[in-house]
Amino acid sequence: MSYKSDIQIAREAKKQPIMKIGDALGIPAEDLLPYGHDKAKVSQKFINSVKDRPDGKLILVTAINPTPAGEGKTTTTVGLGDGLNQIGKKAMICIREASLGPNFGMKGGAAGGGYAQIVPMEEMNLHFTGDFHAITSAHSLLSAMIDNHIYWGNEQDIDIRRVVWRRVVDMNDRALRQITCSLGGVANGFPREAGFDITVASEVMAILCLANDLKDLEKRLGDMIVAYRRDRSPVYCRDIGAEGAMTVLLKDAMQPNLVQTLENNPAFVHGGPFANIAHGCNSVIATTTALKLADYVVTEAGFGADLGAEKFMNIKCRKAGLAPSVVVCVATVRAMKMNGGVAKADLGAESVEAVKKGCPNLGRHIENLKSFGVPVVVAINHVVTDTEAEIQAVKDYVAGQGAVAVLSRHWELGSEGSEELARRVAEIAEAGQANFAPIYPDEMSLADKIQTICKRIYRADEALMDKKIRDQLKLWEEQGYGHLPVCMAKTQYSFSTDPNLRGAPTGHSVPVREVRLSAGAGFVVVVCGEIMTMPGLPRQPSALSIRLNDDGQIEGLF
């Protein structure tokens, strides 16, 4: 049986005018800044006006470690949001914006799939409302002002060997990872080594997604460390004087973007920090505003629960005062089989034993999520090749873990296929069983925070940190940064730092390669193993098949 592509389904959507979507949420037309007919930004004035309302219930959607078999976290987030509305709940969805790099590379878009999508799909996966361009421009302004400061006398006495502020572009371009800039003689400045990251890895992106308002945004931008002097003292963005102009460039980007699902339910799509090098969640301002407008807010965190959910709990919830009522962990039968050792080409054949063998990865995530004091529901994202026996094997395993697994067919059927999942999630949320708490306190040392995550979440024997790294952590504590949470940067494919080590490994260690202080965002990045902050394109990038057809419509996006 053939199925329509995501872009075909999205193109057939019967969208409502965005003003009507806003009206259903109680947002006056004058507080919506429309970008065409199907998307709009919400004014800060309106956001301020609802701050004293009670909060709805927050539902986090996360997943097992991603596999080439696919899990469908965003699709499930959208399907659950539609399902909650279908059963009579007032629900909103909050997800991240898509980066151009993965869209034209290999990963594809970030708007859901099948009949559980957010639209307009094409615009969301391309330029959307220009937020990422604004972030790229603000970041680039600071880059230019740093080199300009050095050129005109270097009043801050910056050691040009220790400029830590890299440049960014929103594209996968490996040739820019390491560059030499300011070549060409006296008129072009002082030559030095530099490099590019992808825009979603910018600290500006992380800050925009953690800031409460424009005033908070400007302060955080000023707090960013951009370089070091010869005496090793830090040079901040505010020392360069760039934070005011950067805030001006980010003024509109700070406002959440309102769009809709295929079933005309409201969604905020805002921000998109890298889930490796940053915290991988949509903006705090979008989530906290949605909680004032709906009884249920369904949001997601990047990659598997060991990265995205851990950071959601320990960084975003800690900083924003949020507390999830339920966590939904997404898995597919196909992914269980792959964790059980089945090759991708053979995933279509039934193998209950492989499913059982792969389930410990799911079990580890369930245990970890429960350790935050939040009840867990497993969503089995249905794939047409799943058999009843395989599905039952997952349900039986999850029941043995003290949780419940629900089969959800939202990809194929939309809200009709996610009703059971929605009812179960609402039932647990309304029972008020959550007793959320981060897994480490603010006052714990930075080294102990790292060890806590490695041992409790990754089940490693220890985090390996040499004296240089431990001394750096102690110095930051002496400088007043010891209260910050830690943001682990490691492979998303495994609990370990070996991407090929699937399942639920134990007896491994986590080597810490370096630590970076994101003083503006408010966390310490802990780089474990090999992590790329500028991806490259694959041999056959998606860009090769993306084009306009004879009717001027986009083809090839997914």
(request) Determine, for F523 and K319, whether the Lys NZ or Arg CZ falls below 6.0 Å from the six-membered ring centre while staying within 45 degrees of the axis. (result) no

(request) Supply the atom-to-atom distance I59 CD1 to T77 OG1, rounded to the nearest 0.5 angstrom. (result) 11.0 Å

(message) I want to check something: taking the side chain as every heavy atom from C-beta on, are R502 and N361 in contact at a cut-off of under 4.5 Å?
(response) no

(message) I'd like to know if the side chain of D38 reaches the main chain of P120, judged simply by a donor and an acceptor atom lying under 3.5 Å from each other, with no hydrogens or angles considered.
(response) no

(message) Would you say that L369 contacts V374 through its side chain, given a criterion of any heavy-atom pair below 4.5 Å between the two side chains?
(response) no

(message) Rounded to the nearest 0.5 Å, what separates atom CG in L307 from atom CD1 in I453?
(response) 10.0 Å

(request) Measure the spacing between SG of C528 and OH of Y458 and express it to the nearest 0.5 Å. (result) 6.0 Å

(message) So does A521 get a backbone contact from the side chain of E203, meaning a donor-acceptor N/O pair under 3.5 Å?
(response) yes

(request) Report yes if the side chains of Q553 and E122 come closer than 4.5 Å at any heavy-atom pair, otherwise no. (result) no

(message) Do N381 and H410 pair up side chain to side chain, a donor and an acceptor below 3.5 Å, judged on atom types alone?
(response) yes

(request) Would you indicate whether the side-chain heavy atoms of Q117 and M124 approach each other to under 4.5 Å? (result) no

(message) To check you understand the geometry: which heavy-atom pair defines the closest contact between D466 and I469, and what is its length?
(response) OD1-N, 3.0 Å

(message) Using a strict threshold of under 4.0 Å (side-chain N to carboxylate O), is an ion pair present between K490 and D306?
(response) yes

(request) Might you confirm whether atom OH of Y493 has over 12 heavy atoms from other residues, nucleotides or ligands at distances under 6.0 Å? (result) no

(request) Quick one: pull up SG in C209 and CD1 in I315 and give me the separation to the nearest 0.5 Å. (result) 12.5 Å

(request) Would you check if T62 and F312 make a side-chain contact, meaning some heavy-atom pair closer than 4.5 Å? (result) no

(message) Walk me through whether L80 and S418 qualify under side-chain contact (heavy atoms from CB on, under 4.5 Å).
(response) CA-CA 6 Å; L80 176 56; S418 60; 5.8 Å; no

(request) Over all heavy atoms of both residues, which pair between A426 and I87 is shortest? Give the atoms and the distance, please. (result) CB-CD1, 4.4 Å

(request) Say whether, by atom type as modelled, one donor and one acceptor occur between the side chain of N85 and the main chain of G81 under 3.5 angstrom. (result) yes

(request) Using a 4.5 Å cut-off on heavy atoms from C-beta on, say whether the side chain of M205 contacts that of F132. (result) yes

(message) Measuring from atom SG of C329 to atom CD of Q401, what distance do you get when rounded to the nearest 0.5 angstrom?
(response) 11.0 Å

(request) Side-chain contact test, heavy atoms from C-beta onward, threshold under 4.5 Å: evaluate it for M121 versus I7 and give yes or no. (result) yes

(request) Specify the closest pair of heavy atoms between S351 and E390, including all atoms of both residues, with the distance to one decimal. (result) N-OE2, 2.9 Å

(request) State, without any angle test, whether N265 and K90 hold a side-chain donor-acceptor pair at a distance under 3.5 Å. (result) no

(message) With a 4.0 Å cut-off on N to O distance, would you call E388 and K395 a salt bridge?
(response) no

(request) Could you tell me whether K356 and D396 have a side-chain N and a carboxylate O separated by less than 4.0 Å? (result) no

(request) Using distance alone, with no hydrogens and no angle criterion, decide if T332 and K337 have a side-chain donor and acceptor under 3.5 Å apart. (result) no

(request) Rounded to the nearest 0.5 Å, what's the gap from CZ on R177 to CZ on F196? Could you check? (result) 14.0 Å

(request) Examine distances only and state if a side-chain atom of R516 and a backbone atom of I277 form a donor-acceptor pair shorter than 3.5 Å. (result) no

(request) Could you pull out the closest heavy-atom pair between M488 and K311, with the gap in Å? (result) O-NZ, 2.6 Å

(request) Would you check if the side chain of T289 reaches a backbone N or O of A286 as a donor-acceptor pair within less than 3.5 Å? (result) no

(request) Run the numbers on E367 and K370 for salt bridge (Lys or Arg N to Asp or Glu O under 4.0 Å), then give the verdict. (result) CA-CA 5 Å; E367 290 175 22; K370 283 185 172 181; over 6 Å; no

(request) Measure from the side-chain N and O atoms of T452 to the backbone N and O of Y440, and report whether any donor-acceptor pair falls under 3.5 Å. (result) no

(message) Between E300 and V61 (side chain of the first, backbone of the second, donor and acceptor by atom type, cut-off under 3.5 Å), is there such a pair?
(response) no

(request) Check the side chains of T299 and N282 for a donor-acceptor pair under 3.5 angstrom, ignoring hydrogens and angles. (result) yes

(request) Show the numbers, then the answer: is there a side-chain contact (heavy atoms from CB on, under 4.5 Å) between I450 and L473? (result) CA-CA 11 Å; I450 296 168; L473 294 174; 3.9 Å; yes

(message) Test side-chain contact (heavy atoms from CB on, under 4.5 Å) on S325 and L58; report intermediate values, then the result.
(response) CA-CA 6 Å; S325 297; L58 183 61; 5.6 Å; no

(message) Regarding Q392 and Y397, do their side chains bring together a donor and an acceptor under 3.5 Å, going by distance alone?
(response) no

(message) Between E416 and R409 (salt bridge meaning N to carboxylate O under 4.0 Å), is one present in this structure?
(response) no

(request) Would you kindly say whether S415 and E419 are connected by a side-chain donor-acceptor distance under 3.5 Å? (result) no

(message) With no hydrogens and no angle check, just 3.5 Å: does a side-chain donor-acceptor pair link N65 and H365?
(response) yes

(request) Considering non-hydrogen atoms only, spot the tightest contact between A447 and M465 and give its length. (result) O-CE, 3.9 Å

(request) Answer yes or no: is there a side-chain heavy-atom contact under 4.5 Å between E71 and T76? (result) no

(request) Look at the side chain of N257 and the backbone N and O of V269, then say whether any donor-acceptor pair between them is shorter than 3.5 Å. (result) yes

(message) Whether the side chain of N103 engages the backbone of N125 through a donor-acceptor N/O pair (distance < 3.5 Å, no angle test) should be reported.
(response) yes

(request) Determine whether the side chains of S509 and D461 contain a donor N or O and an acceptor N or O closer than 3.5 Å. (result) no

(message) For a side-chain contact (heavy atoms from CB on, under 4.5 Å) check, start with the C-alpha distance between I93 and V297, then their side-chain angles and the critical distance, and finish with the verdict.
(response) CA-CA 6 Å; I93 296 162; V297 173; over 6 Å; no

(message) On a heavy-atom basis, which atom in G112 and which in T74 lie closest, and how many Å separate them?
(response) N-CG2, 3.5 Å

(message) For F495, does the six-membered ring have the charged nitrogen or CZ of R364 within the cation-pi criterion, i.e. under 6.0 angstrom from the centroid and within 45° of the normal?
(response) yes

(message) Strictly below 4.0 Å, N to O, side chains only: are D295 and K57 in salt-bridge contact?
(response) no

(request) Give a yes or no on whether the backbone of G271 and the side-chain of S283 come within a donor-acceptor separation of less than 3.5 Å. (result) no

